[in-house]
Chemist: 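Before I ask anything, let me first share the structure, which is written out below as structure tokens.
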Amino acid sequence: MIEKIRVRYAPSPTGHLHIGNARTAIFNWLFARHYNGQFIIRIEDTDLARNVKDGEKSQLDNLQWLGIDWDEGPDKANSKYAPYRQTERAAQGVYQKYIDELLASGKAYKSYKTEATLKEEREAQAQAHQAPHYVYEYAGMTKEQIKDAQAKDEAVGLKSVVRFRVPENHDYQWQDLVKGEVKINSKEIGGDWVIQKADGMPTYNFAVVIDDHLMEITHVLRGDDHVSNTPKQLMVYEAFGWKAPAFGHMALIIKAETGKKLSKRDEDTLQFIEQYRELGYLPEAMFNFIGLLGWSPVGENEIFTREQFKEMFDENRFTKANAKFDAKKLAWVNNQWMRSEKEKVMPQLIHELVKAGLINDQQAKNDADHLAKIIEIAGVDGIKATSEIAPLAEYPFFKLHDISKEDRQSWLETDDGQKVAAAFTEKIKALAEDEFKADHILQIIRDLQHDLQIKGRPLWNPIRLITTHEVQGPNLPEILAVMGKDWTIKNIQLTVAV
RNA sequence: GGCUCGAUGGUCAAGCGGCUAAGACGUCGCCCUUUCACGGCGAAAUCUCGGGUUCGAUUCCCGAUCGAGCUACCA
């Protein structure tokens, strides 16, 4: 590719960053970065009613969290293209100018049909088994007649919208970056569509064209759900005599259970970046996993950094079929990342203990090394997100359970149990403070096995029970070594006292 | 309903006319081990179905089936 690539991610600030949108952002970013192009963020906020207060901020924050940066955006304006919010552009009259142009040339017209009329028309069409379509109200009228009709509607106080006069029986086709040749006839788009709403705002399909043109966007990579918007956009480019960008429509990410497009309204699927962030998924892992959905690299590896993705990116390797979102694989990817970035993740893991109320901030700061050891032993290597460490480490490292009656009967009140417990207690008390290491403790237990001729669970369970009040858990000698002699002796005394 | 697109194990997927059809997640089994994880080894499991084209189709073409998207004064 010779031309300078400019791509964009254009979210509407209606909520948090959705997985599907994150994917669009990721691939556009990759596209730009791979070819040394520019990545732009534009806020498409023309639906005033749906905009949420911190929607834009949330989108941007989460993008940043994922490691995506942008060359231009609402917070990083290039005066040649600014502003980057459509409401601001509308306020400057950016769209009005082009709407007026279309109005003047007759390629668009003011329409006064009411919501009620529209509804009636659609119902009648449904009755007649016709596809819903807009019926041109000025068919066969002269310019004068149209003018009169509009003046009359205006006088009655009817609000108007501006509709684009769709060319009849015209094929719109394009070479889709991922799908190949796509062709849609103008008669399939449902008739003259609205380009300016009654509130004066341009509609998405119109504004997107004006802005992509003005911002010199060269490639539009977006979800498959935009395929049917493309002909509408193409006819606007054509009306102005502009060159359209290249389009690429990526297959969608669908819900595993239903096979349907992920819907923001679904509450039972975790589908916002924010949610994974809160659970303790790493941005590297999210990027990694999402980057492999609907796209694949050449080799067999599955774990990649953003840098590697940048280098590998190839717009010819998109998958055409929709991809189901597999949370289990995401978990595995995150686990891989946590393990390879353990140093980096450790503070976050420690913070999880604070969040769970097991320690306070002060302890987190002062005992970082000790806590890191606990976290390691408790089993970080087996968890899929940082938030899972707290329940794993809670017992016996921060709290002790009561020993159940059954455990007491099975492991402590037996002859073997008493022998083992007594002998271990004696030996562990005799162990010097600086000898209180995992290998020495293990040696004591091995000696006991030899001396008492008891092995397996009858040997280990009594010891585990008196020292940790659990009958299972991570490697016992390591637990004791990390927690120390005082802790161990105290726990034993607690057991015996009861 | 119409239009557009898609179809390789349960899932993500490689493949691009000739292969015992990669790899990964998951599942199952075995090993390691006091237990739980981790780890190691191994196994089961796939080309939607018909027609063509071809010496030969997972691969190319057509049709069927199934699936998805769209069908707003939402983006």
Side-chain angles (χ1 to χ4, degrees), chain A residues 10-14 21 44-47 49-51 86 111 113 115 118 122 125-126 129-134 159-163 176 178-180 182-185 187-191 193-205 207-208 222-231 249 251-254 256 258-261 289 292-303 317 319-333 335-336 339 377-383 392 445 449 455-464 470-477:
Chain A
S12 51
T14 54
N21 293 138
E44 309 216 319
D45 51 357
T46 53
D47 187 345
R50 289 208 316 162
N51 290 341
Q86 290 186 327
S111 169
K113 275 196 200 177
E115 204 59 60
L118 251 22
R122 277 196 278 261
Q125 289 161 0
H129 298 289
Q130 288 176 327
H133 60 277
Y134 184 79
K159 284 265 189 188
S160 69
V161 298
V162 177
R163 286 181 183 270
D176 197 279
V178 350
K179 305 176 100 70
V182 182
K183 181 167 80 179
I184 299 177
N185 191 280
K187 66 172 79 125
E188 308 301 341
I189 71 122
W193 50 283
V194 175
I195 61 176
Q196 185 174 42
K197 304 186 250 184
D199 68 1
M201 278 293 166
T203 56
Y204 161 75
N205 278 309
V208 78
R222 50 171 33 162
D224 193 43
D225 46 348
H226 282 286
V227 170
S228 55
N229 286 325
T230 310
H249 293 92
L252 302 175
I253 300 176
I254 57 183
T258 59
K260 304 253 195 262
K261 182 168 91 151
F289 177 70
L292 254 20
L293 232 37
W295 185 87
S296 68
V298 173
E300 290 180 356
N301 191 10
E302 308 249 17
I303 302 296
R317 296 191 63 83
T319 309
K320 289 185 180 177
N322 292 346
K324 285 188 179 141
F325 183 81
D326 182 3
K328 286 218 175 92
K329 183 133 184 186
L330 202 213
W332 175 80
V333 173
N335 173 276
Q336 298 292 305
R339 292 167 69 168
I377 293 168
V380 242
D381 288 350
I383 64 176
L392 222 49
I445 298 174
Q449 171 175 339
K455 60 176 182 171
R457 305 194 69 173
L459 171 71
W460 285 84
N461 277 8
I463 300 173
R464 188 180 278 281
E470 306 283 339
V471 89
Q472 72 161 53
N475 186 292
L476 186 60

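If you're wondering where the values come from, they're calculated on a predicted model, not measured in any experiment. So that the names make sense, note that chain A is the first sequence line, chain B the second, and so on, each numbered from 1.
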Chemist: Under 4.0 Å, heavy atoms only, any strand: does A:E44 hit a base, just the sugar-phosphate, or nothing?
Modeler: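 A:E44: backbone/sugar contact only, no base atoms under 4.0 Å.
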
Chemist: Looking at B:rG6, which nucleotide sits across from it as a Watson-Crick or G-U wobble partner, both distances under 3.5 angstrom, or is there none?
Modeler: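 Matched B:rG6 with B:rC66 under the 3.5 Å cut-off.
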
Chemist: With C1' as the reference atom in both, quote the distance from B:rG29 to B:rA68 in angstrom, rounded to an integer.
Modeler: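 Per the computed distance, 38 Å lies between those C1' atoms.
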
Chemist: Can you tell me the pairing partner of B:rC16 across any strand shown, Watson-Crick or G-U wobble, with both distances under 3.5 angstrom?
Modeler: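 With both distances under 3.5 Å required, B:rC16 matches none.
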
Chemist: Please identify each residue that fulfils side-chain contact (heavy atoms from CB on, under 4.5 Å) with A:R339, with sequence neighbours left out.
Modeler: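 For A:R339 the side-chain contact (heavy atoms from CB on, under 4.5 Å) partners, ignoring immediate neighbours, are A:N335, A:D381.
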
Chemist: Pick the nucleotide of RNA chain B nearest each of A:S12 and A:V227; which residue has the one closer to the 5' end?
Modeler: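 That would be A:V227.
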
Chemist: How far does the P atom of B:rG51 sit from the matching atom of B:rA14, given to the nearest Å?
Modeler: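 Going atom to atom, P in each nucleotide, I get 29 Å.
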
Chemist: Could you work out the separation of B:rG69 and B:rC62 based on their P atoms and round it to a whole Å?
Modeler: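 Pairwise P distance, B:rG69 against B:rC62, rounds to 25 Å.
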
Chemist: For A:S228, enumerate each residue passing the side-chain contact (heavy atoms from CB on, under 4.5 Å) test, keeping only those at least two apart in sequence or located in another chain.
Modeler: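 Counting only residues at least two positions away or on another chain, A:S228 forms no side-chain contact (heavy atoms from CB on, under 4.5 Å).
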
Chemist: Contact class for A:A198 vs. all strands (heavy atom < 4.0 Å): base, sugar-phosphate, or nothing?
Modeler: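 A:A198: base contact, heavy atoms under 4.0 Å.
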
Chemist: Once you measure the plane-to-plane angle for A:F289 and A:F325, does it fall in the parallel (<30°), tilted (30-60°) or perpendicular (>60°) bin?
Modeler: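 The arrangement is perpendicular - the two ring planes meet at more than 60°.
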
Chemist: So which nucleotide does B:rA24 pair with, by the Watson-Crick or G-U wobble rule with both distances under 3.5 Å?
Modeler: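 B:rA24 is paired with B:rU11.
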
Chemist: Between A:S111 and A:Y134, is there a side-chain donor-acceptor contact under 3.5 Å, judged purely by atom types and distance?
Modeler: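 A donor-acceptor contact under 3.5 Å links the two side chains.
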
Chemist: Would the distance check show the side chain of A:R317 and the main-chain N or O of A:S296 forming a donor-acceptor pair, the cut-off being under 3.5 Å?
Modeler: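 Yes, because the side chain of A:R317 sits within donor-acceptor range (under 3.5 Å) of the backbone of A:S296.
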
Chemist: Taking only the C1' atom of each, what is the distance from B:rG18 to B:rU27 in whole angstrom?
Modeler: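 Between the two C1' atoms, the distance is 34 Å.
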
Chemist: If we take the C1' atom in both B:rC47 and B:rU59, what is their distance in whole Å?
Modeler: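 Comparing C1' positions in B:rC47 and B:rU59 gives a spacing of 10 Å.
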
Chemist: Using a 4.0 Å heavy-atom cut-off across all strands, classify A:R464 as base, sugar-phosphate, or nothing.
Modeler: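 The residue A:R464 makes base contact.
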
Chemist: Heavy atoms under 4.0 Å, any strand shown: does A:Q130 hit a base, just sugar-phosphate, or nothing?
Modeler: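 It contacts nothing in the nucleic acid.
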
Chemist: For B:rA45 versus B:rG10, give the span between their C1' atoms, rounded off to a whole number of Å.
Modeler: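 It works out to 9 Å between them.
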
Chemist: Counting the atoms with a prime plus P, OP1 and OP2 as sugar-phosphate, which does A:G473 contact under 4.0 Å by heavy atoms, base, sugar-phosphate, or nothing?
Modeler: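 A:G473: base contact, heavy atoms under 4.0 Å.
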
Chemist: Just to be sure I understand the rule, does A:N301 reach a base, reach only the sugar-phosphate, or reach nothing, if contact means heavy atoms closer than 4.0 Å?
Modeler: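 The residue A:N301 makes no contact with any strand.
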
Chemist: Applying a 4.0 Å non-hydrogen cut-off, can you work out what A:H226 is touching in the nucleic acid: base, sugar-phosphate, or nothing?
Modeler: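 Since a base atom lies under 4.0 Å of A:H226, the category is base.
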
Chemist: Counting the atoms with a prime plus P, OP1 and OP2 as sugar-phosphate, which does A:K260 contact under 4.0 Å by heavy atoms, base, sugar-phosphate, or nothing?
Modeler: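 Sugar-phosphate, backbone atoms only, no base.
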
Chemist: Using a heavy-atom cut-off of under 4.0 Å over every strand shown, decide if A:N475 touches base, sugar-phosphate, or nothing.
Modeler: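 Base, at least one base atom sits under 4.0 Å.
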
Chemist: Need to verify one output field. Residue with the more 5' nearest nucleotide on RNA chain B, A:D326 or A:P477?
Modeler: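 Nearer the 5' end of the strand: A:D326.
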
Chemist: What nucleic acid atoms does A:V194 come within less than 4.0 Å of, heavy atoms only: base, sugar-phosphate, or nothing?
Modeler: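 Sugar-phosphate only.
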
Chemist: Could you work out the separation of B:rA13 and B:rG9 based on their P atoms and round it to a whole Å?
Modeler: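 Roughly 12 Å separates the two P atoms.
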
Chemist: How would you label the contact of A:R50 with the nucleic acid (heavy atoms, under 4.0 Å): base, sugar-phosphate, or nothing?
Modeler: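 Counting heavy atoms under 4.0 Å across all strands, the contact made by A:R50 includes a base.
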
Chemist: For the residue pair A:D45 and A:N51, confirm or rule out a side-chain donor-acceptor distance under 3.5 Å.
Modeler: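 The criterion, which ignores hydrogens and geometry beyond distance, is not satisfied for A:N51 and A:D45.
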
Chemist: Assign A:L292 to base, sugar-phosphate, or nothing according to its heavy-atom contacts below 4.0 angstrom with the strands shown.
Modeler: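 Counting heavy atoms under 4.0 Å across all strands, the contact made by A:L292 is with sugar-phosphate only.
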
Chemist: With heavy atoms under 4.0 Å as the rule, sort A:Q472 into base, sugar-phosphate or nothing.
Modeler: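 Base: the residue A:Q472, judged by heavy atoms under 4.0 Å, touches a nucleobase.
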
Chemist: Tell which nucleotide pairs with B:rC32, taking only Watson-Crick or G-U wobble pairs whose two distances are both under 3.5 angstrom.
Modeler: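 By the stated definition (distances under 3.5 Å), nothing pairs with B:rC32.
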
Chemist: Under a 3.5 Å limit for both distances, which nucleotide forms a Watson-Crick or G-U wobble pair with B:rU59, could you say?
Modeler: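 Matched B:rU59 with nothing under the 3.5 Å cut-off.
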
Chemist: What residues, two or more places apart in sequence or in another chain, satisfy salt bridge (charged side-chain N to carboxylate O under 4.0 Å, His left out) together with A:K179?
Modeler: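 Checked A:K179 against salt bridge (charged side-chain N to carboxylate O under 4.0 Å, His left out); matches are A:D224.
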
Chemist: Report which part of the nucleic acid A:G294 touches: base, sugar-phosphate, or nothing (heavy-atom distance under 4.0 Å, all strands).
Modeler: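 Result for A:G294 = sugar-phosphate.
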
Chemist: Which residues pass the side-chain hydrogen bond (donor to acceptor under 3.5 Å, both in side chains) test with A:R122, not counting sequence neighbours?
Modeler: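 So A:R122 forms no side-chain hydrogen bond (donor to acceptor under 3.5 Å, both in side chains) with any residue.
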
Chemist: Between B:rG52 and B:rC70, how far apart are the two P atoms, rounded to whole Å?
Modeler: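 Per the computed distance, 38 Å lies between those P atoms.
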
Chemist: Which two nucleotides bound the region of RNA chain B that has atoms under 4.0 Å from heavy atoms of chain A, read 5' to 3'?
Modeler: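 The contacted stretch runs from B:rG1 to B:rA75.
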
Chemist: Which residues pass the side-chain hydrogen bond (donor to acceptor under 3.5 Å, both in side chains) test with A:K113, not counting sequence neighbours?
Modeler: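 With sequence neighbours excluded, A:K113 shows a side-chain hydrogen bond (donor to acceptor under 3.5 Å, both in side chains) to A:E121, given in chain and number order.
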
